[in-house]
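Below: the structure, in structure tokens.
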Amino acid sequence: MKISSIKGFADILPGEVEVWQRVESTARRVLSAYNFAEIRIPIVEKTELFRRSIGETTDIVEKEMYTFEDREARGGDDSAGSRLTLRPEGTAGVVRAYVEAELYKIEPVRKLYYMGPMFRRERPQKGRTRQFHQVGAEVLGRSDPFIDAEILLLLSDFFSALDLNEPALQINSLGCSECRPQYRQKLLGFLKQKEDSLCANCRRRIERNPLRALDCKEAACIRATQDAPSILDSLCAACRDHFAIVQRLLRESQIRFALNSRMVRGLDYYCRTTFEWTTSQLGSQSAVAAGGRYDGLVEQLGGPSIPGVGFAMGMERITMLLRLKETVPDAGPSLYIVWLGDKARDWAFSTMHGLRRAGLRVEMEGDARSIKSQMRRADKLKALSVLIVGDNELSQGTAALRDMASKQQRQVALGDLAIELGARKAD
Ligand code: HAM
């Protein structure tokens, strides 16, 4: 019986995976230039971690998490530990690890990045899957606006390094514990007047989380909140200054951006600067990277009062953009050994092993086949060169080396093969 994969969970097959590898290695290079170190965190965490950090009244926590009861944890001293969740994002886990390992004790400022799968039970569509992959980065221990700008410069550099010039940047400030409560009241007052026009979901959580209404994708809610008060008019002096410096630094670095005061993001831990990079090329799932500041999160998760800011980008969306732009030619082996006769096969097998250990990508056939059929296979695999060796050639210590692009063929001494191929590899 054929067993298929789960809806929203995709394979990344050879032919596609090369684009992923390129995105990952570019990300590592740019992150390293910005002095980030990698952190690897578990895929499963206690449900409580996400409830507390992402927020009870967010779509993620209310309906999208893959949560299950863990038999091991049940009956332990931590009842909250009996429910586990596949991580829907990485920030909560990184902050949990930072607090748990007391990383702040040695050096409070930490720049950490991660990459890997995340899980959200959303309706799958183009650019949206239930298992998706993020490259994310978090800076803990810095509250200055320069680091917010640095994060945005990093993303801009990353897009340029991949030759993706299209993503557009939108930024907002969500204020702080000083000024947001006042804005919240103001917005609540406005929404109360429009309550009848809001969707059931927004009506339900209007008291607990009125800002969510600004993020709602329902046409009725978008219409009803069109004239909602802007948070940017309610910022306190400190938040206003912080945001002004971020904008100045972006302008001075020639990073184009637009202000979007309705952008509240889908997670509750944010304060001050938030941002999204979007593209017009992927339909409704337009955000390729997003993030912002979360100054209260470390403390909320049991650590000292240490600020944080970070981002995550969606690998599926970035690789889709790259695939729209280019087809990556899949590289073939540097050498394909075509053999004829038992002695030649044994020789080819051990020579292949030696060349592979020297770092070359080499392939050969295992079953006896005609030279023509082996050549056809070498062609199909896009081998750069082919060595043709029979028992006779072997006894003479030479074989024909064919360059598949130029179709030039020449005799080479078998003893010099590694040097011949090494020289080819270097040029
Ligand atoms: P987020 O906006 O929920 O933020 O996700 C960041 C990015 O992940 C999105 O912009 C999108 O590219 C990608 N993404 C999210 N959901 C899906 C999905 N179902 N399918 C494909 N791609 C998806 C966060 O996750 C925050 N942790 C970002 C952050 C880090 N903020 C501060 N530090």
Side-chain angles (χ1 to χ4, degrees), residues 7-10 12 20 23 27 31 36 39 41 45 49-50 53-55 58-61 63-66 86-96 98 110-140 142 147-148 150-152 154-155 158-159 164 167-172 174 215 217 263-279 281-298 301 307-321:
K7 185 175 161 197
F9 289 65
I12 305 162
W20 287 70
V23 174
L31 283 157
F36 278 80
I39 181 167
I41 47 169
E45 299 268 4
L49 174 69
F50 302 117
S53 54
I54 297 170
T58 56
D59 285 350
I60 297 179
V61 170
K63 52 187 193 210
E64 295 170 1
M65 295 203 303
Y66 284 94
L86 299 186
R87 62 182 188 192
E89 58 108 50
T91 311
V94 169
V95 172
R96 196 244 339 114
Y98 175 81
R110 291 293 176 133
K111 297 169 104 175
L112 305 167
Y113 81 87
Y114 51 91
M115 33 181 93
M118 308 289 161
F119 306 85
R120 295 182 194 174
R121 195 187 281 106
E122 296 187 87
R123 195 170 49 79
Q125 62 182 83
K126 183 181 167 197
R128 190 163 73 187
T129 48
R130 291 180 165 180
Q131 172 171 321
F132 61 98
H133 298 76
Q134 286 184 342
V135 173
E138 315 293 347
V139 182
L140 295 153
R142 279 188 61 180
I147 193 70
D148 302 19
E150 204 179 292
I151 292 266
L152 293 166
L154 186 162
L155 280 164
F158 169 76
F159 295 136
L164 287 178
L169 172 61
Q170 296 191 345
I171 59 171
N172 191 20
L174 291 180
D215 196 35
K217 304 291 178 283
M263 188 176 68
V264 296
R265 310 270 303 114
L267 309 98
D268 281 349
Y269 47 60
Y270 291 113
C271 64
R272 292 199 165 168
T273 320
T274 53
F275 56 84
E276 280 184 11
W277 293 82
T278 57
T279 166
Q281 295 176 47
L282 295 179
S284 65
Q285 299 310 308
S286 59
V288 290
R293 182 162 276 289
Y294 47 86
D295 291 346
L297 188 56
V298 178
L301 295 179
V309 58
F311 74 84
M313 58 191 172
M315 290 285 288
E316 278 73 9
R317 298 183 191 175
I318 305 267
T319 52
M320 268 167 80
L321 285 180

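Ligands are counted one by one from 1 in listed order, and the atoms in each one are counted from 1 as well.
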Under the 3.5 angstrom rule, does the side chain of Asp148 hit a backbone N or O of Thr273 as a donor-acceptor pair?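 No; zero donor-acceptor contacts below 3.5 Å.
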With distance as the sole test, does Arg130 use its side chain to make a donor-acceptor pair with the main-chain N or O of Pro124 at under 3.5 Å?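 It does not hold such a pair.
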I'd like to know if Arg265 pairs up with Glu276 as an ion pair, taking the criterion as any Lys NZ or Arg NE/NH1/NH2 lying under 4.0 Å from an Asp or Glu carboxylate oxygen.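 So Arg265 pairs with Glu276 through a salt bridge.
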With Gln285 as reference, evaluate Glu122, Lys126, Arg317, Glu316 under the side chain to side chain donor-acceptor pair (under 3.5 Å) test and give the passing residue.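 So, applying the side chain to side chain donor-acceptor pair (under 3.5 Å) to Gln285 and each of Glu122, Lys126, Arg317, Glu316, only Arg317 qualifies.
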Min side-chain heavy-atom separation Val139-Phe36 under 4.5 Å: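 The answer is yes; the side chains approach within 4.5 Å.
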Measure the CZ-NZ distance between Arg120 and Lys63 for me, rounded to the nearest 0.5 Å.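 Rounded to the nearest 0.5 Å, the CZ-NZ separation comes to 12.5 Å.
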Tell me which residues fall inside the under-4.0 Å heavy-atom shell around ligand 1.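 Glu89, Thr91, Arg120, Glu122, Gly127, Arg128, Thr129, Phe132, Gln134, Glu138, Arg265, Leu267, Tyr269, Tyr270, Ala287, Val288, Ala289, Ala290, Gly291, Gly292, Tyr294, Gly310, Phe311, Ala312, Gly314, Arg317.
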